[in-house]
Structure formats: C-alpha cells, structure tokens
Protein chains: 2
Amino acid sequence: MATASNLTSITLDRQLALDSGKALDNVEIAYETYGELAADKSNAILIFHALTGDQFVAKTNPLTGKPGWWEIMVGPGKPIDTNRYHVICANVIGSCIGSTGPASLAPDGRPYAMRFPVITIRDMVRAQVALLDALGIERLHAVVGGSMGGMQALSLAANFPERTDRVLAIATTARHSAQNIAFHEVGRQAIMADPNWNAGDYYGTGASPDKGLSVARMAAHITYLSEAGLTDKFGRRLQDREAKSFGFDADFQVESYLRYQGLSFTDRFDANSYLYITRAMDYFDLAEEHGGASSSGSLADAFRGAGDTRFCVVSFDTDWLYPTSESRNIVHALNAVAAPVSFVELSAPYGHDSFLLECPALDRVVKGFIG
Amino acid sequence: MATASNLTSITLDRQLALDSGKALDNVEIAYETYGELAADKSNAILIFHALTGDQFVAKTNPLTGKPGWWEIMVGPGKPIDTNRYHVICANVIGSCIGSTGPASLAPDGRPYAMRFPVITIRDMVRAQVALLDALGIERLHAVVGGSMGGMQALSLAANFPERTDRVLAIATTARHSAQNIAFHEVGRQAIMADPNWNAGDYYGTGASPDKGLSVARMAAHITYLSEAGLTDKFGRRLQDREAKSFGFDADFQVESYLRYQGLSFTDRFDANSYLYITRAMDYFDLAEEHGGASSSGSLADAFRGAGDTRFCVVSFDTDWLYPTSESRNIVHALNAVAAPVSFVELSAPYGHDSFLLECPALDRVVKGFIG
C-alpha cells in the first residue's frame, strides 16, 4: 500500500463520539477541494465517496497516479461544475487515504489495527460534518454520493438536515440486504483466512493479507457489474491464447480481468479498512436507526425532519447490488413525509458501476438537479 | 474429509480418453442404484449430480449421515418412482466420493493432486456411459439432472443420443457465462490463496485448505439462493443477540448461516476436486464442442443427432445463476433440429436451489415427463 503522507488534512479539535458508544480523539480528515468557495459560502457541494473510493474525485490521485474517480462528472464545465461550485470530498474515517482508520496510530503510538472501533455510516457523516464546521460551512448547496456515498448522503439528510439544500443519492439503498451482507461477509472471511492478516496486526511486518484482500475484491467486483455487461465485455473469450489450456491459468479474459482487479486493489487499499468499511455498510439501516428502542422504526421517520431539503434519487436498471426497488423504498419514505423528491431509473448496461461510467442521461439528471 | 472406503464402485476395464488429449487408466466409478432393474433392462434412469453432489440421491450418505440429496424426488412412490424404475447415480470423475479424482492414487502410488488431468463435462459423461456398458444397459429410459447434472444430461444427449429415450435438464445451461466463470474463479483463487493448499499437495500432511475452500463455498452458496429468498429467510435479523455487537462476530443470521455452510462443506469435500469440477463447468460450451475447428459452432448442431430422444427443459424464475434465458437457448436449439421438447419456467422463491427443495410444480413436471 502506498503511504499517505503529504495529503491535505485537518485534525478535528473535538472528540468524535461514535454510534458504538466509543469515541475517537485527534481524528484526522483528509480532504480535497475543487473550485472557489463563494464569499457567502453558499456554493459548497460535499461529495461522498464509495467503499474503496477517496477524496480525489476530480484530480489525479497522487498515491496511484490514476485520474480522479469521477472526473466524468466533476470539474470545470462538467455536470457538477467547479467553475461555479466549491466541491469538497473527504476520505471517510475507517479508510486508509489519509483519514483516521485502523492503520492510523492509536494514542499509544501503535497502529489501531483491530483495536479501531467499529464505525457506522453515520459516524462517517459525523466526521464530515465536523470537517464542514472546521471549514466554516454552515449549509451546503448539495450533498452527492453513489453507492456507499449515497448512504452517507441519506444519513446526512436524516441526521443533519439543516446542513444541506439538496441531497442526490445514486445507486444506493437505505439498508443493506441479506444478500449485500452475505457478499461482504465472504470478503471479510477471505481476508481473515489469510495467515498474513494475523488478527489485523500486520502493519510493519512486511507481510499483509494481499491474497485474502484480492479474493475479497474479486467477489465484490462481480457484484458491481451486470451479467449482461460481463457477457458483452468478456463473454467466453480466451485470454491471449487460441485454445483452452486444460489447466488452471487464466484461460478466460474474465478470469484474467478479475485477477488483475484483485491484485491491483491490494496496492492501494488496506485490508483492515476493508473490514471496517464493509461492516459499516452492513450495519446501515436508516429506518432502524430512527426507530424507538423497541421498534425497528420506519424509513419515513428518518426523513421527518428534512424540512425543505430537496431530494433526487437515481437507480440503474441493471444494478443488482442496489436494485431500483431499494431506491423506490427511499422515495416512498420521502413521499410519506411530503419531502420534495424526484426519482429516475436510468437504463445503462454496466450494473452498479454505471454511476462511475459514461452515462449522458445521468449527466443530465445531475446537472438539472444541482442547477 | 471423510474417507470413501466401503463405497460401491467398479473399476473400468478400459482406458478413459479425455477431451484434453490425456487418458486415465483404472478409473473407478462409485455409484448407487435404487429399485429393481427390469429383466429387459428397459426401466433404467441415470441421474447426474451437481457440483458438490454425490451418488446418494435417495439414501443416507454413509460419509455424512445426511439424507439423500433428492429424496424429495426419488424413491418409492416419488415422482421418480423406484418401485417402477431402476435409478442409477454415479459420483462424477474428478470428485471425491469414491470415483477417481485428484485425491486418488496415481499409477506411481501417490495421490494425483494437481497432476490429475483437467476434465470436462463430456469426460464425466464418458465415464458414466462406460459404467452403463459395464452394467449392460444399452438404452436408458431417461437421464435426469439439475445444475451441473443438467449439463451432463445435455452432453449425453449431444454425444451419446442413442443411449436414452428422454432427457430432463433442470436449472441448467448449455454454456457457462462470464459471470458463472467469474464466481468460480473467485472460489478457485480463495482455495489457491490458502497456504495449506500447497500447490495441491496437502494429502497426508494433516493440513488442508479448509479456510480457502470454506470461502469458496460461501461465495458459491450466495449464487444458489435468490435475493428475495435470502431476505425471507434471514433479512437483517440478528443471530442470538438483541443488538449489534460493534465487532466482527457473525451478528447477522445470514453471516452465521454462510459461515456454517462454508465450514461444514470442508468436512465432506476435497478442495482439489472443487478446483477440477468448477473448471469442467467453466469449460462447458456445448455449441463450441460441436462446431468445426474454425467455428464456435451452434448449439443446434450439438443436438442434430438426437433422433427421437424427447427433451424436457425446466427453469426457475428466481434462478439468477442459470436464468430462464439459458434454458430458452437450449429450447431454441432443440426446436431448430425439430427435437421433441417441452419447456417450462416454474415459479419458486429459492433461486437456483429450487430444484432441490419442496416444489410441487416440479414434481408434476418430472412425474409427467418420466411417465
């Protein structure tokens, strides 16, 4: 994994209380901004990243050398136009791109590893609201996120509705389904099965659970793509060979692609962060959070304080990880509290990952909603 | 893994030529029979098992102590009625329940391990046709199989059409899709990532790649169930606790279930067999097999010699592993060669595994087709 020195970050001047009942001191939040903040601070947009994402939404990631993960959407003249808006994107706590996470040093000077507290999506949002406070931004023009970013957008709307005018939630859900949890559990078990994981204490040992993390990423990656998308992209085509090898090499292009996805992921991501962030996603259930002690709550209750915040919910027809039915649940809940919400299911062939890829229809929706 | 001594088996008296160009000598085929063979040998039904199945279709598996895997369908008075039919079920080659596979001893007296040749679905069928020869059964009343069993049924129809009157293929496909291959590759990589796998040479070491195999099984198991089925069965219910633990225990029932599925699988299955059988499934492409050297072939060509063999193809509406579209491809190909075929998509909530579970509609289809 690359080191995260020389990243822009602030250290929160207050303790961060967590849903678990624990608290974190000296929380560091690594973030990037794009475009000028208006004098009245009215033009700020907070973008939340997904599970393995980072703050480099619209500039080259200095750790990987790769372009920003949403340059297609964010930048000068783009649907989220940095000539007009001041975009903020922060690495979530629990991650490993500069914000406090399991690889960070605990007060005793050693890495937290599995001593890091289990965090929730709401905890991630709390940390970013604290960042907004530090930046002196009272109210955002919009919060925007896809996948886990969408969960954070919804969580902010539910818990800090006074902090934003608009909420744009893309390809997401208000609660992780049994199937979502199951896929994450496979990934976690793959990491924990790797002897190099060593109960999380692998920092500084020179060995890390790359094989386990790679398998976890491979399994997850399948869920980000549609069956039809995989067939279009790879089908049963062979990789650099005329015939099957009758062996266990990567005969098929799809095998070769997956192995590459798994391996390259281990260069940029920390296995313990993968454990903590998937756990936060699995714990996410916005309705439950806002129910009484003896009730599982209702999703509408979560949005009851949303006031005049406007919502836009977007799903993709080929997304089987967070299918359109999940977005409909969100929209129904918003309707139940008479929140202003627009909803669209877009047609795109790439499954869940569609929000990250070329999709002119999404551009139009985002541009129209952000204004 | 339990040992497979005292199982019924025969050793083939001829060499088994394989698609890879290699051959196996002294092939052992472990099998079980149910019901009496008629004097004219006209009432035999061959049932093919799925990936991790075995020959104990309708009697207790002596290695696991568990009931036969299809007692719901096969037995006295059942849809496949052993009062009328003589049912044969053989463990596929490459497996580990008594038939020759990677755990078997090679001619040099040591286990094959990864020296075992890569086999195909057609090779599995060849072995079972050799078993039929040894048993003196020229023509079957029917071949029946679900999932990988269905692949074998289709392969027999394509390669040995003179051996059966009827072919019943359930919840299956004529070729593995990119997504199917991808999930299998995740499983194989999980096994190979386990240091106990030791390049396949773990027999007799006292250590086996149980953790890797367990992860492979967990990933595969998700694909056998529908999203709705998982939600019905588990939802977000917690396992033996009132509240989330804010830790990495199996908080959710679905996690606990998956962990159990993974662990218990390692008691009954050999990791190398899992590698070889998933590879055989990924290689399966009935159209390609029956094309010319320079062509990818057409599925209809595969069935051109099927003569008066009758087909029945069954899919389940919630099966996303081998969805109904795959069955339709098979039916279209059979129609193209004017083969007598009936096709039905059944409604069942359990996804791919529906064929193994209580499904009265399937009972009626099977009983009607078998006669």
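In this text, all values refer to a predicted model and were calculated from it rather than measured experimentally. Quick note on labels: first sequence line is chain A, next is B, and so on, each numbered from 1. Both backbone and side-chain heavy atoms feed into the values below; hydrogens, waters and symmetry mates do not.
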Residue from B:Gln253, B:Arg175, B:Glu227 scoring the most non-hydrogen pairs under 4.5 Å with chain A is B:Glu227
Applying a strict 4.5 Å limit to non-hydrogen atoms, the region of A:Asp282 in contact with chain B is both
When the 4.5 angstrom heavy-atom criterion is applied to A:Leu18 and chain B, the contacting part is neither
Pair count under 4.5 Å, heavy atoms only, with chain A: among B:Lys211, B:Gln189, B:Lys22, B:Arg188, highest is B:Gln189
Applying a strict 4.5 Å limit to non-hydrogen atoms, the region of B:His184 in contact with chain A is neither
Among B:Gly262, B:Gly212, B:Ala193, B:Ser177, the residue with the most heavy-atom pairs under 4.5 Å to chain A is B:Ala193
Bottom line for B:Asn180: the part with an atom under 4.5 Å from chain A's heavy atoms is neither
Ordered numerically, the heavy-atom neighbours of chain B under 4.5 Å found in residues 242-250 of chain A are A:Lys244, A:Ser245, A:Phe246, A:Gly247, A:Phe248, A:Asp249
Comparing A:Ala182, A:Gly187, A:Ala280, A:Pro323 against chain B, the one with the most heavy-atom pairs below 4.5 Å turns out to be A:Ala182
Sorted by chain and number, sequence neighbours left out, ring pair (Phe, Tyr, Trp, His ring centres under 6.0 Å) with B:Tyr274 holds for B:Phe265
> Are A:His352 and A:Phe316 close enough that their ring centers fall under 6.0 Å?
Replying inline: no
On a heavy-atom basis, the closest approach of A:His176 and A:Thr173 is CD2-CG2, 4.3 Å
- request: Give a yes or no on whether the backbone of A:Pro102 and the side-chain of A:Asn272 come within a donor-acceptor separation of less than 3.5 Å.
  value: no
Cut-off 4.5 Å, heavy atoms of chain B, and the answer for A:Val254 is side chain
Problem - Donor-acceptor pair, side chain of A:Thr205 and main chain of A:Tyr202, under 3.5 angstrom - result: yes
Are any of the side-chain nitrogens in B:Arg241 or B:Glu255 under 4.0 Å away from the carboxylate oxygens of its partner?
no
Check: If only atom types and distance count, is the side chain of B:Asp123 paired as donor or acceptor with the main-chain N or O of B:Thr120 below 3.5 Å?
Finding: yes
Open item on the list: Ring-plane angle category for B:Trp320 and A:Trp320, please: parallel below 30°, perpendicular beyond 60°, tilted otherwise.
Closed with: tilted
For B:Pro349, the side chain to side chain contact (heavy atoms under 4.5 Å, CB included) test, sequence neighbours excluded, returns none
The interface call for A:Asp251 against chain B, heavy-atom contacts under 4.5 Å, is both
Verify side chain to side chain donor-acceptor pair (under 3.5 Å) between B:Ser315 and B:Thr324, making sure each step is shown before the conclusion. CA-CA 5 Å; B:Ser315 69; B:Thr324 293; 2.8 Å; yes
Donor-acceptor side-chain pairing of A:Tyr276 and A:Asp270 below 3.5 angstrom = no
Contacts of B:Tyr257 meeting ring pair (Phe, Tyr, Trp, His ring centres under 6.0 Å) (sequence neighbours excluded), chain-then-number -> B:His221, B:Phe234
Cut-off 4.5 Å, heavy atoms of chain B, and the answer for A:Arg259 is side chain
Whatever's closer than 4.5 Å to a heavy atom in chain B on A:Asp194 counts as neither
